[in-house]
Amino acid sequence: GAGVSQSPSNKVTEKGKDVELRCDPISGHTALYWYRQRLGQGLEFLIYFQGNSAPDKSGLPSDRFSAERTGESVSTLTIQRTQQEDSAVYLCASSPNRGNEKLFFGSGTQLSVL
Amino acid sequence: GESVGLHLPTLSVQEGDNSIINCAYSNSASDYFIWYKQESGKGPQFIIDIRSNMDKRQGQRVTVLLNKTVKHLSLQIAATQPGDSAVYFCAERGHNQGGKLIFGQGTELSVKP
């Protein structure tokens, strides 16, 4: 499809397990963002990739969180040793280029840590 | 991570009325602002944006007002429709923050038929 695709749409895991969340941005979009949204709350910035520049990781809440991006395509957000407070919707967004903040969001991955 | 708010404030309006959703931002160096709409179970969708060298911008049924003196942003929706029911977020980009958008708390708009 033409939009941002995230998988899985839902993930249930046990406390202490690792999870990987995937984002396929819109083709040609150089900027990619990850946000976290807890139930009934706003969007919390996690990490931002722009082209070949070093990513802005300033929003990652702990060293259990990491993200990678392959070139200007797919990105993976990894959460190690998941905790119950990690339960949230994880949203990915992409935009055409630096300076264009009209982000196109995916539908998110609902993560539930039991 | 960057901060998000507590539970969402809500705004309830009658169909056909105008809606005004407010947002206070914190960074006086922010140079770009944007409004998103999020329907239940979906990702946010772009509505309208404004740069700091403007104080008003109009779209289709929507107007964004920017008051830099008091660091306040508002979204006006004319003739609100049931399909406008959603959570609305403002976001700001700080100058020299590398394009990172920081989102506000969000306001839930409920339109009564």
Side-chain angles (χ1 to χ4, degrees), chain A residues 3-6 9-10 23 25-26 29-51 53-62 65 67 77 85-86 88-110, chain B residues 1-10 21-27 30-52 57 59 62 64 73 86-110:
Chain A
V4 176
S5 178
Q6 292 188 246
S9 55
N10 282 281
C23 173
I26 294 172
H29 281 194
T30 62
L32 186 147
Y33 304 73
W34 284 98
Y35 287 87
R36 178 169 70 179
Q37 187 174 33
R38 292 198 167 104
L39 184 64
Q41 296 191 20
L43 279 71
E44 179 184 4
F45 169 79
L46 296 178
I47 188 169
Y48 164 52
F49 296 89
Q50 172 58 54
S53 301
D56 179 345
K57 302 180 181 180
S58 61
L60 295 178
S62 77
F65 288 72
L77 177 69
E85 63 262 27
D86 299 334
V89 175
Y90 289 82
L91 289 161
C92 176
S94 69
S95 72
N97 48 51
R98 182 186 181 99
N100 185 336
E101 278 68 38
K102 294 177 186 175
L103 306 186
F104 294 81
F105 280 86
S107 295
T109 294
Q110 172 71 65
Chain B
E2 297 285 352
S3 64
V4 293
L6 301 175
H7 293 289
L8 298 174
T10 58
I21 301 171
N22 296 304
C23 179
Y25 63 93
S26 56
N27 187 351
S30 291
D31 61 357
Y32 177 81
F33 304 88
I34 191 165
W35 281 97
Y36 282 88
K37 171 186 180 183
Q38 186 177 29
E39 296 174 286
S40 181
K42 298 182 179 179
Q45 292 180 293
F46 169 83
I47 301 174
I48 192 168
D49 60 357
I50 188 168
R51 299 200 179 274
S52 59
R57 190 163 187 223
V62 294
V64 56
L73 194 66
V87 177
Y88 289 80
F89 293 97
C90 66
E92 62 181 302
R93 181 189 69 190
H95 183 61
N96 291 333
Q97 284 200 5
K100 180 172 71 179
L101 275 183
I102 303 301
F103 281 75
Q105 171 178 25
T107 296
E108 182 172 8
L109 176 65
S110 176

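Excluded from the calculations below are hydrogen atoms, water molecules and symmetry mates; all remaining heavy atoms, backbone and side chain alike, are included. So that the names make sense, note that chain A is the first sequence line, chain B the second, and so on, each numbered from 1.
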Item to check | Considering all heavy atoms, the nearest G43(B)-L91(A) contact | outcome: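 Minimum heavy-atom contact is CA-CD2, 4.1 Å.
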Item to check | Evaluation steps, side-chain contact (heavy atoms from CB on, under 4.5 Å), between F45(A) and I102(B) | outcome: CA-CA 7 Å; F45(A) 169 79; I102(B) 303 301; 4.2 Å; yes
Quick one: [atom1] on [X] to [atom2] on [Y], what's the gap to the nearest 0.5 Å?
X: F103(B); Y: Q41(A); atom1: CZ; atom2: CD; value: 15.0 Å
X: F105(A); Y: F46(B); atom1: CZ; atom2: CZ; value: 12.0 Å
X: I47(B); Y: K102(A); atom1: CD1; atom2: NZ; value: 13.0 Å

Checklist entry - Under the 3.5 angstrom rule, does the side chain of Y36(B) hit a backbone N or O of L103(A) as a donor-acceptor pair? => result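 Flag set: sc Y36(B) to bb L103(A) pair under 3.5 Å.
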Checklist entry - What part of Y35(A) is in contact with chain B, defined as an atom under 4.5 angstrom from a non-hydrogen atom: side chain, backbone, both or neither? => result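 Contact with chain B is through the side chain of Y35(A) alone.
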Next on the checklist: Report which part of Q6(A) has an atom under 4.5 Å of a heavy atom belonging to chain B: side chain, backbone, both, or neither.
Outcome noted: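 No part of Q6(A) comes within 4.5 Å of chain B.
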Next on the checklist: Can you tell me which portion of Q38(B) sits under 4.5 Å from chain A's heavy atoms? Options are side chain, backbone, both or neither.
Outcome noted: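 Looking at Q38(B), just its side chain touches chain A.
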Checklist entry - Near E39(B) CD, under 6.0 Å, is it more than 12 heavy atoms from other residues, nucleotides or ligands? => result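 Counting neighbours around CD of E39(B), more than 12 heavy atoms of other residues, nucleotides or ligands fall under 6.0 Å, so yes.
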